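Predicted, not measured: the structure shown is a model, and the values here were computed from it.
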Amino acid sequence: MPLPRGATGGHPHETAAHPLAQAPADARPHPEPPPHHSGPPTAAEAHRAHPRARRRLSPATRSDADADAGSAPYRPPTRALAPLRETGRLFALAATVARDMFRRPFQFREFVEQFWFVASVTILPAALVSVPFGAVIALQVGSLTQQLGAQSFTGGASVLAVIQQASPLIVALLIAGAGGSAICADLGSRKIREELDAMEVMGVSPVQRLVVPRVLATMLVAVLLNGMVSVVGTLGGYFFNVIMQDGTPGAYLASFSALAQLPDLWISEIKALIFGFLAGIVAAHRGLNPRGGPKGVGDAVNQSVVITFLLLFFVNMVLTAIYLQVVPAKGA
């Protein structure tokens with residue numbers, strides 16, 4: 001009787017089959033499936049599966065994912081560093097504007113429009129402010145020189161104070177208050193309407209297209225207005241010194257020619273140029289970064305004016321100290 005195939009009494013060269021060789025497919029052992037989660041994957045699993053998803057997690061979820069992955073926990077930046085970040089962004093915008101001034105194409109039409117706008121809102125206030133400012137300086141200096149017995153030097157002292165200090169500050173304050181606030185409001189309204197984002201999508205640089213013409217306009221207006229304010233302030237000081245303090249016209253002009261020199265006018269124009277640049281940069285920076293919609297635009301305008309005033313007085317102090325150390329006084 002033949003034995004079944006694979007039994008002990010078969011062919012001597014035939015080996016016994018493996019116990020699982022003839023077993024049905026359903027009877028073979030299968031590896032255990034991974035545990036099934038009924039809910040969505042956790043933050044740690046998403047972080048390990050997709051590393052790029054880490055940037056889309058909230059700070060709390062990100063800290064848990066980082067802790068599970070073995071990295072350092074996420075720490076949000078402190079508010080103490082916010083002024084430093086804003087200062088860095090302001091300097092970065094100033095560097096970008098200085099670079100794009102020499103890049104083509106130059107927006108000449110935008111520059112002319114902004115120049116006329118800034119000049120139209122600052123010429124009359126500057127002329128009106130310069131007359132009483134020069135008068136107050138002339139009256140105060142004249143009273144002081146009378147007490148010291150040096151009334152003949154009233155004209156030179158008052159004119160130098162107007163040209164070196166009063167005129168650039170008056171021009172800068174008016175440009176920051178009238179022109180700078182309008183520039184900040186214009187750019188801020190464009191930002192909240194997403195016009196600047198649309199320009200970037202189309203490949204147009206908002207800094208070169210909008211900011212550079214406005215900054216150049218404020219600089220040129222500041223330089224021209226500084227000359228006008230210097231002349232009007234000097235005439236106002238002359239009138240009040242001669243009429244109200246019984247000064248001598250010849251002594252007023254002679255003291256001015258004896259004490260004044262050409263670098264006094266140059267430092268006045270340089271101050272006006274730098275102050276106009278600062279006013280335009282600060283206004284553009286706050287206008288490009290409003291927070292909180294239309295209300296944020298109004299807050300940005302107020303902040304731009306205050307920040308510009310603080311920077312102007314600080315820079316004026318630095319420039320005056322450098323000028324007095326570098327340029328010797330006339331006749332010294």
Which atom names give the shortest non-hydrogen contact between [X] and [Y], and what distance separates them?
{"X": "S205", "Y": "M199", "answer": "O-CE, 4.5 Å"}
{"X": "A284", "Y": "L187", "answer": "CA-CD1, 3.7 Å"}
{"X": "V229", "Y": "S130", "answer": "CG1-CB, 3.5 Å"}
{"X": "P168", "Y": "I163", "answer": "CD-O, 3.5 Å"}
{"X": "V141", "Y": "A157", "answer": "CG1-CB, 3.6 Å"}
{"X": "L174", "Y": "A126", "answer": "CD1-CA, 3.1 Å"}

To the closest 0.5 Å, what do you measure between [atom1] ([X]) and [atom2] ([Y])?
{"X": "R286", "Y": "L90", "atom1": "CZ", "atom2": "CG", "answer": "9.5 Å"}
{"X": "L288", "Y": "L93", "atom1": "CG", "atom2": "CG", "answer": "6.5 Å"}
{"X": "K191", "Y": "R193", "atom1": "NZ", "atom2": "CZ", "answer": "13.0 Å"}
{"X": "L319", "Y": "I267", "atom1": "CG", "atom2": "CD1", "answer": "5.5 Å"}
{"X": "L220", "Y": "L216", "atom1": "CG", "atom2": "CG", "answer": "8.5 Å"}
{"X": "I137", "Y": "T234", "atom1": "CD1", "atom2": "OG1", "answer": "9.5 Å"}

Spell out, as yes or no, whether a donor-acceptor pair under 3.5 Å connects the side chain of [X] to the backbone of [Y].
{"X": "N226", "Y": "A222", "value": "no"}
{"X": "Q303", "Y": "G298", "value": "no"}
{"X": "T320", "Y": "M317", "value": "no"}
{"X": "T308", "Y": "A176", "value": "no"}
{"X": "D100", "Y": "V97", "value": "no"}

Mind checking whether [X] and [Y] sit in one hydrophobic cluster, side chains of I, L, V, M, F, W, Y counted as touching below 4.5 Å?
{"X": "W266", "Y": "V326", "answer": "no"}
{"X": "M219", "Y": "L265", "answer": "no"}
{"X": "V159", "Y": "V171", "answer": "no"}
{"X": "L84", "Y": "I307", "answer": "no"}
{"X": "V136", "Y": "V131", "answer": "no"}

Return yes when atom CD of Q140 has more than 12 non-hydrogen atoms of other residues, nucleotides or ligands closer than 6.0 Å, and no otherwise.
->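 At most 12 heavy atoms, drawn from other residues, nucleotides or ligands, come within 6.0 Å of this atom.
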Do other residues, nucleotides or ligands put more than 12 heavy atoms under 6.0 Å from the CZ atom of R291?
->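 No - once you tally the heavy atoms of other residues, nucleotides and ligands closer than 6.0 Å, there are 12 at most.
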For R109, which residues count as a salt bridge (Lys or Arg N to Asp or Glu O under 4.0 Å) partner, sequence neighbours excluded?
->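 For R109, the residues satisfying salt bridge (Lys or Arg N to Asp or Glu O under 4.0 Å) (neighbours in sequence not counted) are E113.
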Using a side-chain heavy atom cutoff under 4.5 Å and only I, L, V, M, F, W and Y, what cluster partners does [X] have?
{"X": "F91", "answer": "none"}
{"X": "V201", "answer": "none"}
{"X": "L235", "answer": "V231"}

With a 4.5 Å limit on heavy-atom distance, are the side chains of [X] and [Y] in contact?
{"X": "F133", "Y": "L128", "result": "no"}
{"X": "P206", "Y": "V211", "result": "no"}
{"X": "L169", "Y": "F313", "result": "yes"}
{"X": "V282", "Y": "H285", "result": "no"}
{"X": "Q325", "Y": "I322", "result": "no"}
{"X": "Y323", "Y": "D264", "result": "yes"}
{"X": "L173", "Y": "F275", "result": "no"}

I would like to know whether R190 and L210 meet side chain to side chain contact (heavy atoms under 4.5 Å, CB included); could you show each step before the answer?
-> CA-CA 11 Å; R190 292 172 183 262; L210 300 176; 4.0 Å; yes
Take N316 and Q165 through the side chain to side chain contact (heavy atoms under 4.5 Å, CB included) test and state the conclusion after the steps.
-> CA-CA 8 Å; N316 180 61; Q165 304 298 330; 3.2 Å; yes
Please list all pairs passing the salt bridge (Lys or Arg N to Asp or Glu O under 4.0 Å) test where one or both residues lie in residues 209-226, with sequence neighbours left out.
->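 Salt bridge (Lys or Arg N to Asp or Glu O under 4.0 Å) check on residues 209-226 returns E110-R209, E110-R214, D186-R214.
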Given F277 and T218, is the side chain to side chain contact (heavy atoms under 4.5 Å, CB included) satisfied, shown in steps?
-> CA-CA 7 Å; F277 179 78; T218 56; over 6 Å; no
Among all residues two or more places apart in sequence or in another chain, which pass the ring-ring contact (aromatic ring centres under 6.0 Å, His included) test with F117?
->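 Applying ring-ring contact (aromatic ring centres under 6.0 Å, His included) to F117 gives none.
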Verify side chain to side chain contact (heavy atoms under 4.5 Å, CB included) between V327 and Q261, making sure each step is shown before the conclusion.
-> CA-CA 10 Å; V327 180; Q261 53 184 341; 3.8 Å; yes
Quick one: do the S167 and S268 side chains pair a donor with an acceptor below 3.5 Å?
->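 Judged by distance alone, the side chains do not pair up.
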